[in-house]
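Notes follow the structure.
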Amino acid sequence: MFARTFGATTLGVDGLIIHVEVDSAAGLPGFDIVGLADALVKEAKERVRTAIRNSGIKLRQEKVTINLAPADVRKDSSGLDLPIAVGLLAAYGLVSAATLDKYLFAAELSLEGDCRGIRGILPMAVKAKEEGFTAMFVARDNVNEALLVEGIEVYALDNLTQLVGFLTGQERLLPATPQMAATEDGVFSDDFADVQGQFQAKRALEIAAAGGHNVLLVGVPGAGKTMLARRMSSILPEMTPEEALEVTKIYSVAGLLKGGGLIKERPFRSPHHTTSMVAMIGGGSVPRPGEVTLAHNGVLFLDELPEFGKKSLEVLREPVEDRKITIARAHGTMTFPANLILIAAANPCPCGYAGSPDRECKCTPYEIKRYTQRISGPLLDRIDIHIQVPQVKYEELSSAKRAESSAKIRQRVAAARKIQLQRLKNYHIFCNAQMNHAMLQKLCPLEPQAKALLEQAFRQKHLSARSYDRIIKVARTIADLAGTANIAAPHIAEAIQLRNDKGLGTD
């Protein structure tokens, strides 16, 4: 007898509906799974048969063939256990195949028949709704995640016996209901009010947050580079519902979604400097999100930038520029989103004290040059703001006056972002850092004095075309923070000052 059920897997950060076709017929006993299933899915035949037997259901010894369609897409989700089990029961006539057309099943089965949670439920639920399914059956661990999608009923399962009872009409099962989320008080554990001094660095990060610009912080050890970077998320605007859903889908696919609720805080990722190239951009036989994608709509912080491997740094060029990363593998090509703000921190030399007025640098010119050359020019050119972070003075550290809070800075950032949204709404982008050269020419008029100042800086500093564009983008953000329509000379002057390309290895 033939039966068909529906499961799902993930393809990149999106869901993909899988047609599970099951045929049971007389013949030599066997159990074959076809349709480009990887080892994880092929092992499902042992889990499914044992789970059915331990649920008190006896099956005849027949030849069973299971096809997972579309057959040209590799399947690697243990969540196909449940639709395979339901399809097998339908093929044996133990449940009605006619009732399964509008149901989606997604859960892993234990050998006892219990349902276990899987990763990627949110994109699967989104796809199920788009495809017109009316109900989705998931493990209880995944129910809160599936409930984030409105318009589709979600049933929480404890075990296979419970599902069989529902499908045969012997047991009543009610749709799950969303739990009330705790309200947020808007208080950040890392607040700019804790940072004494460092006014120029805080100004640079405010501009970066307002325009979505990348930043390089260069300074001696203990100057507060990491402390500043970790507070970047606290001044970024709140995520829109669409951004929050995107981030939650990514973390669901990566298996990092805790509690199953919608992620409302912007991500902050800080990988160790030993992070590999694959961990940075994502990969695997079936590509999974890397650090650049996990930082989507948030911040990627690279502390001790020159200590990262050369390959791990060079792969950042494309996502920093294009705000997405495309990974090609033998089984297909996938594109992951990577719309992030890169915050990098570095010492000026190997010992860290080049240019320090208090401690002598013991590095030779050759050692400094070799250290700074670990960061390539093309990568540095893609970082909009280069700022030196000096040692904090004693008077600033001992001051009882509390610095400006993140909440106040965030208000100015949000106001500037609102101006940009209005200006860029027809281009389907939302911040100045995303503008291309053609948009700059149309949307960023320079006053005559500003144009003359930029020309002078371009010739004296031998700037590249990319640097020219990025200075204008930063100046546009500075003008937005000031609430002015045109870019004036002071805006260009500050943008040029914030692109200090002599921060590494200077005396």
Side-chain angles (χ1 to χ4, degrees), residues 198-218 235 237 320-321 341-343 355 377-378 380-390 404 408-427 429-504 506:
Q198 301 297 10
F199 302 106
Q200 187 181 22
K202 287 191 283 189
R203 167 66 173 172
L205 291 180
E206 179 181 340
I207 294 169
H213 305 290
N214 304 315
V215 183
L216 173 62
L217 302 171
V218 181
I235 64 174
V320 167
E321 184 77 14
I341 295 178
L342 173 64
I343 307 292
L380 284 175
D381 207 29
R382 286 168 165 82
I383 299 178
D384 305 353
I385 298 174
H386 302 183
I387 190 72
Q388 286 186 294
V389 183
E404 189 177 29
K408 290 184 178 180
I409 301 174
R410 194 181 200 182
Q411 289 176 357
R412 296 196 295 268
V413 169
R417 283 285 184 104
K418 188 175 181 180
I419 294 172
Q420 294 167 53
L421 282 172
Q422 184 64 27
R423 181 192 305 124
L424 301 171
K425 62 182 180 181
N426 294 329
Y427 298 92
I429 58 177
F430 58 87
C431 65
N432 290 330
Q434 298 174 329
M435 291 190 292
N436 58 32
H437 185 73
M439 296 178 194
L440 291 179
Q441 292 180 318
K442 184 176 182 179
L443 302 175
C444 300
L446 302 181
E447 294 184 355
Q449 290 182 333
K451 188 176 294 185
L453 183 61
L454 181 57
E455 180 182 359
Q456 181 182 359
F458 186 85
R459 297 185 187 280
Q460 289 181 353
K461 291 177 172 287
H462 306 288
L463 299 176
S464 67
R466 183 181 286 115
S467 296
Y468 171 87
D469 284 352
R470 292 185 181 274
I471 287 175
I472 295 179
K473 291 178 184 179
V474 173
R476 178 67 269 173
T477 301
I478 296 170
D480 289 338
L481 285 167
T484 59
N486 292 336
I487 301 174
H491 307 143
I492 287 290
E494 185 175 6
I496 294 171
Q497 186 182 18
L498 290 174
R499 196 171 177 84
N500 179 10
D501 55 0
K502 296 182 179 181
L504 288 172
T506 55

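Values reported hereafter were calculated over all heavy atoms of this structure, with side chains retained and with hydrogens, waters and symmetry mates removed.
In this structure, Ile341 and Ala208 approach most closely via the heavy-atom pair CD1-O, 3.9 Å. When all heavy atoms are compared, the tightest approach of Ile496 to Ala457 is CD1-CB, 3.4 Å. Residue Ala433 comes nearest to His213 through the heavy atom pair CB-ND1, 3.8 Å, listed as atom of the first residue, atom of the second, then distance. For Arg476 against Pro445, the heavy-atom pair with the smallest separation is NH1-CD, 4.5 Å. Here the closest non-hydrogen pair linking Asn214 and Arg382 is ND2-O, 3.3 Å. In terms of heavy-atom proximity, Cys431 sits nearest to Arg417 at CB-NE, 4.1 Å.
To the nearest 0.5 Å, atom OG of residue Ser467 and atom NZ of residue Lys461 are 10.0 Å apart. In this structure, Tyr427 OH and Gln434 CD are separated by 14.0 Å, a value rounded to the nearest 0.5 Å. In this structure, Leu453 CG and Gln456 CD are separated by 6.5 Å, a value rounded to the nearest 0.5 Å. One finds the CG atom of Leu205 at 8.0 Å from the CD1 atom of Ile385 (value rounded to the nearest 0.5 Å). Lys473 NZ to Ile487 CD1: the interatomic distance, rounded to the nearest 0.5 Å, is 12.0 Å. In this structure, CE on Met439 lies 10.5 Å from CG on Asn426, to the nearest 0.5 angstrom.
Tyr468 and Phe458 have perpendicular rings, their planes meeting at more than 60° on a 0 to 90° scale where under 30° would count as parallel.
Heavy-atom contacts from other residues, nucleotides or ligands closer than 6.0 Å to CD of Gln449 number 12 or fewer.
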Check against side-chain contact (heavy atoms from CB on, under 4.5 Å), Val218 and His386: CA-CA 8 Å; Val218 181; His386 302 183; over 6 Å; no

Apply the test salt bridge (charged side-chain N to carboxylate O under 4.0 Å, His left out) to residues Arg459 and Glu455: give CA-CA distance (whole Å), side-chain angles for both, the deciding distance (0.1 Å), then the verdict. CA-CA 6 Å; Arg459 297 185 187 280; Glu455 180 182 359; 3.2 Å; yes

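Of the candidates Asp384, Val413, Val215, Leu481, Ile207 forms a side-chain contact (heavy atoms from CB on, under 4.5 Å) with just one, namely Leu481.
Looking at Arg470 and Glu321, a side-chain N of the basic residue comes within less than 4.0 Å of a carboxylate O on the acidic one, giving a salt bridge. A salt bridge does not link Lys202 to Glu206: none of the charged nitrogens lies less than 4.0 Å from a carboxylate oxygen. A salt bridge links Arg203 with Glu494; the closest basic N to acidic carboxylate O contact falls under 4.0 Å.
Not a single donor-acceptor pair under 3.5 Å links the side chain of Arg499 to the backbone N or O of Ala495. Side-chain atoms of Gln420 come within 3.5 Å of backbone atoms of Ala210 as a donor-acceptor pair (strictly under, hydrogens ignored).
With no hydrogens or angles considered, a side-chain donor-acceptor pair links Asn432 and Arg423 at under 3.5 Å.
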